[in-house]
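Scope of the values below: all heavy atoms of this structure, side chains included, with no hydrogens, waters or symmetry mates. Please read these numbers as outputs of a predicted model, since none were measured by experiment.
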Amino acid sequence: MKIRDITIRAGRSLKQAKARTLLTSFAIGVGAFTITLSLAAGVGGRAYTDQIVSANTNVNELSVTKAQPTKQKGPQKYSSSTSNISNPLFSAEPLTESDIAVIQKVDNVVSVSPNYNPQIKYITRAGQDKYVASISTFSKSVTLKYAAGSTSGDLSDNQIILTEQYVTALGFADNQDVIGKTVEIVADKLSAPILNPETKTFTYMVVAVSSKSGLAFRAQSSLLVSNSSAKNLYDYINFGTRGYGKFIVAAVQVNGEDKAQSVKDELKAKGYDAQTAADVLGVINTFINVLQGILLGFGALAILTSVFGIINTQYISVLERTQQIGLMKALGMSRRDVGRLFKLEAAWIGFLGGAIGSGLAVISGTIANPLISKALDLGDISLIVFTPINLIIVVIGLIVVSIMSGILPARKAAKLDPIEALRTE
Amino acid sequence: MIEVKNISKTYGKKDNVFKALTDISFSIPDGASVAILGKSGSGKSTLMHAMSGLDRPETGEIIIDGKNILTLKQKEVDKFRSSKMSFIFQSFFVQANESCYDNVSLPLEIANLSARTRRKKIEAALEAVELIDKMKSRARELSGGQKQRLAVARAIVNSPKILFADEPTGNLDSVTGEVVENLLFDYNKKNGVTLIIVTHDADLAKRCDIQINIKDGNIESIKRNK
Ligand SMILES: Nc1ncnc2c1ncn2[C@@H]1O[C@H](COP(=O)(O)OP(=O)(O)OP(=O)(O)O)[C@@H](O)[C@H]1O
Ligand SMILES: [Mg+2]
């Protein structure tokens, strides 16, 4: 008997038992739904982190920290040489000026810029209120979306990039109005005696306004100045304090992407930890993969349950149709073809379940995507991305699982004695 | 030519053995119509099942066209049945949910015929039993007589050499029963098909060339009409 004819007959007998077929298919559909969604979320998530990382990091850039003492139980013992930055539980040994000098000398290192995070007091402008703000270092390699203005390569030392929120707060008419205007940043010298505080006003010209972007996490709410401006601010604020000249992390520019690994290895030998953009991506992706794995596990569990559903339905189907099976065998249908008929019925159930489940997943994913993007403020980025290949794999995978579930009932049908079968009335 | 040689069939084991057929032998020429007669439980169906290779008796030979079908492999027996034999049963066994067309199509599908070659044969068979106008109807919508006519169409569609009918008129009233009988005998005469009818209707048996009377698993008598 031709496979095509068997397939048609298998489909027809399923149509006869509509309710039962649909219910069994739904059970598989639940699994298909979960798996399709988790695959899509994995694809979307990885693509998203990939974009984030490439938008916020530079392939020529390493982020370097001092190698931390491994496995430290309890708080660290104090000694006059240890100088922890702030947190006593998370004691990170900082990089110092001498470390920076060491790193600078490593082959293929172009520049080392410690991560200055100047803690300014406020930002303001003549006749306006004062606002809290955080300052970060501008980096060419970071992709920014500009609501107004732009930068030609690097920032010069008196320039600043504002974020949209500060435009109206500081009393400007609109984004365009800010460009070329000046703002004032006021900072405290931390080492000044409490009774005799020292403050200084730094003036910057606004060259651009950055708008919110789903990708830019580093520059989301920080105002950006050039590296040397940040150092200026930092020096003024922190000079004379215990933490001065100590940095948790430094950005190291290397001479080409292919050099990143060798620099990383050399830094490691010298007692530093270095992370490339790929490392950062790897860490985030591992996290996504674990989450995806958990979701896939739930899907697999749902499918495992539905396997018993298929076996059960198919056994009932064989029992109900003993007479039909007997007739087919009497007419000379081979055992193999009888077995195939029931396996193909199971395949139909799997196909239906897979199609229903992944179809619903695509529909709900498509509906949910803009909602998720809106809730997480991602702009036009989709976190759930369906790829045709994944959908095909899910459906085919379920067909295969269903056929395997159908093997036992199919065997029962194939073994049926036609005389016995035709006696049942 | 069908030769039945020393067929014995027992059911049950040890303490509970039951001899359904004891040492049955006879032969049937090609194109003959044969009635297997006997009381209920005498072993008629058992004999028919053995002759068609559905059942395997412990001893004896069934030789059809020079081949002992009892020594063939299951696959070959299946093929033999699909290409040379067909069946009509007392309780029709048509598939109620399927259309008449699909019911008749089944033996052709089993015989591996393409959809195109099937069409003509199915239509011819439905024409022969006057059910062509019901081609698309579901079998459950048919009356008992129509169902058995559909079963006849299914039995003749693949031009078999041997047609087995196990009490084909048993579930029908005498008028519709006669319609089905006429169909079978017409087909037997026109096409030279060997027709083997299991029955306990003496009138039906009289229309056959050969009457084989079975009693308690033994041949009581064989009558050849001429
Ligand atoms: N599977 C079986 N197990 C045990 N005994 C069986 C089995 N099949 C048939 N028999 C017995 O064999 C005998 C012959 O049965 P068979 O079906 O051939 O009778 P029959 O002549 O066709 O009767 P009927 O006219 O009622 O159909 C019966 O006594 C029956 O009980
Ligand atoms: Mg019988």
- Message: Evaluate B/K5 against B/D23 for salt bridge (Lys or Arg N to Asp or Glu O under 4.0 Å), listing each step before the verdict.
- Response: CA-CA 8 Å; B/K5 286 186 181 170; B/D23 203 20; over 6 Å; no

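- Interface residue B/L113: only backbone heavy atoms are found under 4.5 Å from chain A.
- Proximity to chain A (any heavy atom under 4.5 Å) is shown, for B/S105, by both the backbone and the side chain.
- Side chains of B/F89 and A/L327 form a contact here, defined as non-hydrogen atoms less than 4.5 Å apart.
- Formation of a donor-acceptor pair under 3.5 Å by the B/K44 side chain with backbone atoms of B/K39 is found in this model.
- Remark: side-chain polar atoms of B/S25 are paired, donor with acceptor, to backbone N or O of B/N6 under 3.5 angstrom.
- There is no side-chain donor-acceptor pair under 3.5 Å between A/S402 and A/S405.
- Between the side chains of A/T313 and A/T24, a donor-acceptor pair is found at a separation under 3.5 Å.
- Of the residues listed (B/I196, B/N191, B/T194, B/L184), the one engaging B/L163 in a side-chain contact (heavy atoms from CB on, under 4.5 Å) is B/L184, and it is the only one.
- Residues of residues 328-351 of chain A lying under 4.5 angstrom from chain B, judged on non-hydrogen atoms, are A/M328, A/K329, A/A330, A/L331, A/G332, A/M333, A/S334, A/R335 in numerical order.
- Around the CG atom of A/D417, the shell of radius 6.0 Å holds more than 12 heavy atoms that belong to other residues, nucleotides or ligands.
- Only the side chain of B/Q95 comes within contact range of chain A, with heavy atoms under 4.5 Å apart.
- Interface residues of residues 7-21 of chain A toward chain B, defined by a heavy-atom distance below 4.5 Å and sorted by number: A/R9, A/R12, A/Q16.
- Summarising the local packing, NZ of B/K9 is surrounded by more than 12 heavy atoms from other residues, nucleotides or ligands at distances under 6.0 Å.
- Ring to ring, B/F18 and B/Y11 are not that close: their centroids are 6.0 angstrom or more apart.
- Taking the side chain as every heavy atom from C-beta outward, B/R81 and B/L54 approach each other to under 4.5 Å.
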Can you give the donor-acceptor pairs under 3.5 Å from side chains of residues 37-47 of chain A to other protein atoms, not counting sequence neighbours?
unit_1, atom_1, unit_2, atom_2, d
A/S38, OG, A/T34, O, 3.0
A/S38, OG, A/I35, O, 3.0
A/R46, NH1, A/N289, OD1, 2.5
A/R46, NH1, A/Q292, OE1, 3.2

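- Residues A/R423 and A/E420 are paired through a salt bridge, judged by an N-O separation under 4.0 Å between the basic side chain and the carboxylate.
- Among residues 382-394 of chain A, no residue has any heavy atom closer than 4.5 Å to a heavy atom of chain B.
- Each of B/D102, B/N97, B/N103 was checked for a side chain to side chain donor-acceptor pair (under 3.5 Å) with B/S99, and the lone residue meeting it is B/D102.
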